[in-house]
There are 2 protein chains.
Amino acid sequence: MTITIYDVAREANVSMATVSRVLNGNPNVKPETRRKVKDVIERLNYKPNAVARGLASKKTKTVGVIIPDISDLYYSAVLRGLEEIAEMYKYQIIITNTDNDAKKEFDAFETLRSNQVDGIIFLGGTDDKSVIESIQRTTTPVVVCGYSKDMSIYRVNANYRDAIERVVQGFIDRGNEKIAYVQSGYHNILENILADKIIEVLERNNMSKDNMFEFYANTYEEGMDLFSEVKEVKADAVIAISDEVAGGILHGTLDENISVPEDLEVISCSNTRIAYMMRPRLSTIAVPLYDVGAVGMRLLTKLMNNEEVEEKINVLPLDINYAKTTRV
Amino acid sequence: MTITIYDVAREANVSMATVSRVLNGNPNVKPETRRKVKDVIERLNYKPNAVARGLASKKTKTVGVIIPDISDLYYSAVLRGLEEIAEMYKYQIIITNTDNDAKKEFDAFETLRSNQVDGIIFLGGTDDKSVIESIQRTTTPVVVCGYSKDMSIYRVNANYRDAIERVVQGFIDRGNEKIAYVQSGYHNILENILADKIIEVLERNNMSKDNMFEFYANTYEEGMDLFSEVKEVKADAVIAISDEVAGGILHGTLDENISVPEDLEVISCSNTRIAYMMRPRLSTIAVPLYDVGAVGMRLLTKLMNNEEVEEKINVLPLDINYAKTTRV
DNA sequence: TTGTATGCGTTATCAC
DNA sequence: GTGATAACGCATACAA
């Protein structure tokens, strides 16, 4: 029923090899023959079977993306960057959600490999031991958009260390003394890095590390509920990983008639459109989400193409976007 | 290098046919043999090549999803529902962005077919002629999550007709007379349906259809800018398709010291988390985004499995979520 | 420049 | 129950 390369060959009075050649742009075909074959292809509306092609060539023109949560604006913005570059290079994208579950992550990786994807991208970073081992064992190119302790992995991330340093120093310069640091609670390298950095800056300013108070929240609602706890420790500044959480804290605080940023400064480390839509507009560390994805996919295309890649790490610069929730 | 079914067969002293049988859970294998083969599979860490499998069986366990914009919270929420059901049924998902471009939509459809996906889902609806024709011509099962004029296509959508009717009647009952209707501007069946319905309700209440004013906006920023135009026509109620746009209008209005909902009621037809995070909280037509995706994918699995499907259309009921931007 | 033949790693149809 | 063997649709090495 389905029309194959043989049908085209027969109709065009050539061998299937020749059809394959014109299909793949092989120059060793007489222009006249090429025309003839192309005409038949057009006429029969023939489309090569990508699966057969994948089996024969061992290249599927497909990349796998492993992502914690596709409905999280943060990741979907990165994915958008990935996708656009992938399209440019004619790659299809297979996505898998993991919900920050290491087991799912591992399974997704294995499944993608059995699907013969040409490359795999992790969004948000990985640090699960078995996943890292898998990555190292395989020959499939892998790029991590995010953090990982393993230095042998290709990755792209943003210069959060520098940005958080400036943020914290700013807080201190403006007289703040107690910083609430609100994380996701998922085991996440970035969150640890930031915690360390916050402490580092505190101590450099002759302040105790006890001036940082750790909290955990994942949603806007949880952020709102966090208000009382933040108040309890008398925090005068909040650094939240997620802008959705930051928004919750912000609104929860305002509901109690506490002024932002006068009595409490709030900044988030994420930078989705949500921050911009908050009232008052949320200050953020301005991660270039789209770029992270775009750079990551570009890097992967190079790896899949066996091109030379200078650095294993690609660190994007980071701006701080001071809006209405900071006293800058 | 890569280990195949032959390697397993050799190691287990059976034929590849037998290995294939245990792989596929074929009962015609002696339990003892099964054990032996499974042990070898385990020991060699053998993973079947899904591409070869796809070629031989003509089933790839892969579904394609065609989506206007993956970074749009509305669609990514639906996708999340799709994904979860797909995972349950062991299907991989290939996504393609179209940016509401009919040409891209068509190309995506063709590419997915050449990739031998077992089924295809359109998010947001389609009405491009060539796409519809393609859908009808192919034997690949297709489900549209959204609207389409073509009645032969399987689809799932929400009961917007009923919901918008209640919304508009409510506006009128509360004494509103001029309704601003803010659409995306993309050719979109749903938007036309709603426009017709708004007019229908107006006329049923002996009001002219000129009491509906059409506007176009796609982002929060455009929504904010729209304020002056909405004010110009003296609208006392706004119905926006997107909650991001509704949020923009809302904030733009408040910035001018016009009271919401006292002087202007606002409701959106979308229902992403953004609506919930707006201040004041946005009233919406509560589309169950996740469910739309879940139901769509479930439907598709039935089609791919040649199961009986009662209805071509699946209409989900819709609640109206009256929050703080309506006088209810 | 073109054609023939083989392989890619499975599934599936036969026999035994 | 199990084992040969023929597809599946294409790329490609080798011949011509």
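To find a chain, count down the sequence lines: A is the first, B the second, and so on, and within it residues start at 1. Worth knowing before you read on, the calculation uses all heavy atoms, side chains too, and leaves out hydrogens, waters and symmetry mates. Predicted model, so just to flag it, every value in this text is computed and none were measured.
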Mind running a 4.0 Å heavy-atom check of residues 23-45 of chain B against DNA chain D and sending the residues that fall below it, in number order?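 Only B:Asn28, B:Val29, B:Lys30, B:Thr33 qualify.
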
Taking only side-chain N and O atoms of B:Thr18, does any of them lie within less than 4.0 angstrom of OP1 or OP2 on D:dG3?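 Affirmative; the distance criterion is met.
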
If you compare every side-chain N and O of B:Ser20 against the phosphate oxygens of C:dT11 (OP1, OP2), does one of them come in below 4.0 Å? yes

Apply salt bridge (charged side-chain N to carboxylate O under 4.0 Å, His left out) to A:Asp107 and A:Lys103, showing your working. CA-CA 6 Å; A:Asp107 291 346; A:Lys103 171 73 165 63; 2.8 Å; yes

Would you say the side-chain atoms of A:Glu191 pair up with the backbone N or O of A:Ser184, donor to acceptor, closer than 3.5 Å?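 Answer holds: yes.
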
Return yes if some donor-acceptor pair links the side-chain N/O of A:Lys312 with the main-chain N/O of A:Ser152 below 3.5 Å, else return no. yes

Applying a 4.0 Å non-hydrogen cut-off, can you work out what A:Val14 is touching in the nucleic acid: base, sugar-phosphate, or nothing?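 Counting heavy atoms under 4.0 Å across all strands, the contact made by A:Val14 is with sugar-phosphate only.
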
Listed pairs, N/O of protein and of nucleotides 6-9 of chain D, under 3.5 Å:
residue, atom, partner, partner atom, Å
D:dC8, O3', B:Lys58, NZ, 3.4
D:dC8, O2, B:Ala56, N, 3.4
D:dG9, OP1, A:Thr2, OG1, 3.4
D:dG9, OP1, B:Lys58, NZ, 2.9
D:dG9, N2, A:Ala52, O, 3.4

[X] and [Y]: side-chain donor and acceptor closer than 3.5 Å?
{"X": "B:Tyr290", "Y": "B:Glu84", "answer": "yes"}
{"X": "A:Ser148", "Y": "A:Asp150", "answer": "no"}
{"X": "B:Arg113", "Y": "B:Thr138", "answer": "yes"}

Measure the spacing between CD1 of B:Ile153 and CZ of B:Phe122 and express it to the nearest 0.5 Å. 8.0 Å

Could you work out how much the helix from C:dT1-D:dA16 to C:dC16-D:dG1 bends, comparing the axis of its first five pairs with that of its last five, to 10°? 40°

With a 4.5 Å limit on heavy-atom distance, are the side chains of B:Asn157 and B:Leu316 in contact? no

Between atom CZ in A:Arg21 and atom C1' in C:dA5, what is the gap in whole Å?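 Distance check: A:Arg21 CZ to C:dA5 C1' gives 13 Å.
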
